2 protein chains.
Amino acid sequence: MTESVASRRIAGILREEILAGKLTPGTRLHQDEIAARLGSSRLPVREALRILENDGLAKTTPNRGARVPALTLEDVNVYYRMRERLEPLTLAESLPHLTDEQVEAMQRIQEEIESQDDVNRFLVLDREFHLTSYAGCPSEHLLDTTVRLWNATQHYRRAFMQLDGGNRAAIVNAEHRLLLDAVRRRDAEDAERYLTGHIRRTRVELTRHPELFERD
Amino acid sequence: MTESVASRRIAGILREEILAGKLTPGTRLHQDEIAARLGSSRLPVREALRILENDGLAKTTPNRGARVPALTLEDVNVYYRMRERLEPLTLAESLPHLTDEQVEAMQRIQEEIESQDDVNRFLVLDREFHLTSYAGCPSEHLLDTTVRLWNATQHYRRAFMQLDGGNRAAIVNAEHRLLLDAVRRRDAEDAERYLTGHIRRTRVELTRHPELFERD
DNA sequence: TCGCACACAAATGGATCCATTCTCAAGATG
DNA sequence: CATCTTGAGAATGGATCCATTTGTGTGCGA
């Protein structure tokens with residue numbers, strides 16, 4: 001068993017299911033059902049739900065159980081503006097510690113992004129591209145916070161891409177190319193600028209589609 | 001009973017004790033001892049520790065229990081730089097929704113800050129001053145993240161103030177006055193600038209005292 | 001026919017008990 | 001004499017059982 005503690009194992013499984021889109025916002029997370037499905041008692045499930053709550057992937061109400069949070073347009077807008085401010089810091093912290101191998105990995109990921117057009121594959125690769133650029137960040141807490149923001153908004157990125165994903169590939173690729181070049185040069189100032197613009201443009205486009213979100 | 005759920009009640013009590021300095025970084029959090037002290041079984045204590053972990057006020061290692069995290073100078077430095085980027089956003093979001101009564105409350109708090117010189121009282125009032133300025137923030141998540149950053153660094157602010165708190169009161173008061181004036185004018189640009197400077201100056205001074213932190 | 005109330009069912013919260021893992025110290029062995 | 005091993009004690013992790021709360025459905029009354 002790779003993960004010795006059941007609660008972390010269960011949290012990991014549920015996290016993957018939520019990020020993969022199998023559990024969508026609004027879905028009720030029944031303790032009994034999850035415990036039976038994953039072969040444990042309800043106790044580690046309860047702890048797993050707390051862990052997911054920390055990740056922003058579950059929201060529990062006392063005596064009323066847990067759900068995958070359904071965000072409003074305003075919620076997602078704020079998440080993205082937090083990302084615009086925080087992720088450039090994460091990247092700047094990471095840059096000096098990034099190895100040449102990691103930069104080459106980003107290069108290969110970007111090439112694969114440009115050579116295919118499956119939406120779900122893009123989501124995986126895009127996440128990998130950016131998280132690789134943060135891999136050198138020496139602050140565990142900053143990195144965790146960054147990943148949390150990615151996770152909490154993952155569903156809405158997917159919904160947006162499935163809406164009209166293809167026609168913006170050229171813009172994304174140009175942004176990634178500029179970002180990658182700045183990273184390769186270890187130029188934090190340029191990298192921060194391109195990253196901020198990348199996140200901001202995505203936010204603006206994403207919030208043009210109110211139909212993707214909960215009503216207030 | 002004001003708090004119907006035991007785990008939240010216990011988490012609240014422990015949070016207060018940590019913020020008040022009764023439980024210092026490095027302190028081991030024994031499930032049995034806490035359960036006995038607060039009159040419950042170990043189960044809600046375990047959930048409370050998870051809740052505190054989300055707040056950055058506890059860190060649990062599988063099979064080895066929980067401790068109040070002891071931060072290094074680099075950790076606190078990063079926390080503060082996250083604050084420099086995030087809190088101006090929180091304040092800008094809050095500003096349009098702040099009531100005149102809340103601005104007056106900030107005024108009264110600042111006056112009390114200037115009229116006394118007890119370190120612990122200052123810590124409480126300073127926290128109240130800033131959190132009041134964020135009270136209008138419509139995004140629960142952004143506000144929670146902000147409070148988390150405050151909580152996680154609270155101990156080191158106290159240690160710093162107890163070191164040589166008094167002689168910097170004039171600077172803090174000037175910064176607060178400028179911030180309060182910008183808030184009263186609902187001037188987000190000025191408010192963000194003064195707030196960023198306030199946090200940054202505190203970080204620079206704080207990190208001049210490596211003796212306050214864990215060695216790496 | 002509509003509305004309120006009571007009751008039953010289902011899900012979560014908490015307590016107790018058992019299993020597992022880690023720590024630490026004492027003793028044996030090279 | 002140092003180091004590795006082993007075992008006892010203690011603390012955490014997990015399972016089962018019971019209590020409490022919530023939500024829903026049915027039946028009675030107006």
Side-chain angles (χ1 to χ4, degrees), chain A residues 1-18 22-70 140 144 214, chain B residues 1-18 22-70 140 144 214:
Chain A
M1 199 183 313
T2 59
E3 191 70 48
S4 62
V5 178
S7 56
R8 289 177 197 270
R9 182 180 62 90
I10 293 172
I13 292 174
L14 291 178
R15 184 184 297 115
E16 290 307 316
E17 291 185 352
I18 294 172
K22 292 178 193 166
L23 298 173
T24 57
T27 304
R28 179 78 179 276
L29 298 168
H30 290 269
Q31 298 181 2
D32 270 323
E33 183 264 328
I34 295 169
R37 185 157 63 89
L38 300 182
S40 79
S41 86
R42 269 176 43 224
L43 200 147
V45 174
R46 280 159 70 173
E47 300 216 12
L49 292 178
R50 290 270 185 227
I51 294 175
L52 289 177
E53 196 168 14
N54 307 6
D55 293 349
L57 294 179
K59 186 165 175 55
T60 74
T61 317
N63 287 318
R64 281 208 261 168
R67 287 178 179 278
V68 181
E140 192 187 346
D144 285 350
E214 287 303 300
Chain B
M1 199 183 312
T2 60
E3 191 70 48
S4 63
V5 179
S7 56
R8 290 176 195 271
R9 182 180 63 92
I10 293 171
I13 292 174
L14 291 178
R15 184 183 297 117
E16 289 307 315
E17 291 184 353
I18 294 172
K22 294 178 192 165
L23 298 173
T24 56
T27 304
R28 178 78 180 277
L29 298 168
H30 290 269
Q31 297 180 3
D32 270 324
E33 183 263 328
I34 295 170
R37 185 157 62 88
L38 300 181
S40 78
S41 86
R42 268 177 43 225
L43 200 146
V45 174
R46 280 159 70 174
E47 299 216 13
L49 291 177
R50 290 269 185 229
I51 294 175
L52 289 177
E53 195 168 16
N54 307 5
D55 293 349
L57 294 179
K59 187 165 173 56
T60 75
T61 317
N63 288 317
R64 281 209 263 169
R67 286 178 180 278
V68 181
E140 192 188 347
D144 285 351
E214 288 304 299

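As the structure is a prediction and not an experimental result, all values here were calculated from the model. Note on naming: letters A, B, ... go to the chains in the order of the sequence lines (proteins, then strands), and numbering restarts at 1 for each one.
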Just to be sure I understand the geometry, which residues of residues 38-48 of chain A put a non-hydrogen atom under 4.0 Å away from DNA chain C?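 Output list: A:Arg42, A:Arg46.
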
Looking at [atom1] of [X] and [atom2] of [Y], how far apart are the two atoms once the value is rounded to the nearest 0.5 Å?
| X | Y | atom1 | atom2 | value |
| --- | --- | --- | --- | --- |
| A:Ile10 | A:Arg15 | CD1 | CZ | 12.5 Å |
| A:Arg46 | B:Arg46 | CZ | CZ | 9.0 Å |
| A:Ile18 | A:Asp55 | CD1 | CG | 9.0 Å |

In whole Å, what is the span from the [atom1] atom of [X] to the [atom2] atom of [N]?
| X | N | atom1 | atom2 | answer |
| --- | --- | --- | --- | --- |
| B:Glu53 | D:dT12 | CD | C1' | 14 Å |
| A:Asn63 | D:dA19 | CG | C1' | 11 Å |
| B:Arg67 | C:dT23 | CZ | P | 10 Å |

Using a cut-off of 4.0 Å on non-hydrogen atoms, how would the nucleic acid contact of A:Leu29 be classed: base, sugar-phosphate, or nothing?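 It contacts sugar-phosphate atoms only.
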
Does any part of the side chain of B:Leu14, heavy atoms only, come nearer than 4.5 Å to the side chain of B:Leu23, both counted from C-beta?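 Contact flag for B:Leu23/B:Leu14 side chains = yes.
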
Lys/Arg-Asp/Glu bridge criterion (N-O < 4.0 Å) met for B:Glu47, B:Arg50: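 Here B:Glu47 does not pair with B:Arg50 in a salt bridge, since their nearest N and O are not under 4.0 Å apart.
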
How close do B:Ala66 and B:Leu49 get, counting heavy atoms only, and between which atoms?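 Reported closest heavy-atom pair: CB-CD1, 4.0 Å.
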
Above 12 or not: heavy atoms from other molecules or residues under 6.0 Å from CZ of A:Arg64?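 Open.
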
Expected rows: protein N/O vs nucleotides 9-11 of chain C N/O, under 3.5 Å:
unit_1, atom_1, unit_2, atom_2, d
C:dA11, O3', A:Arg28, NH2, 3.4

Pair B:Leu29-B:Val45, side-chain contact (heavy atoms from CB on, under 4.5 Å): steps then yes or no: CA-CA 10 Å; B:Leu29 298 168; B:Val45 174; over 6 Å; no

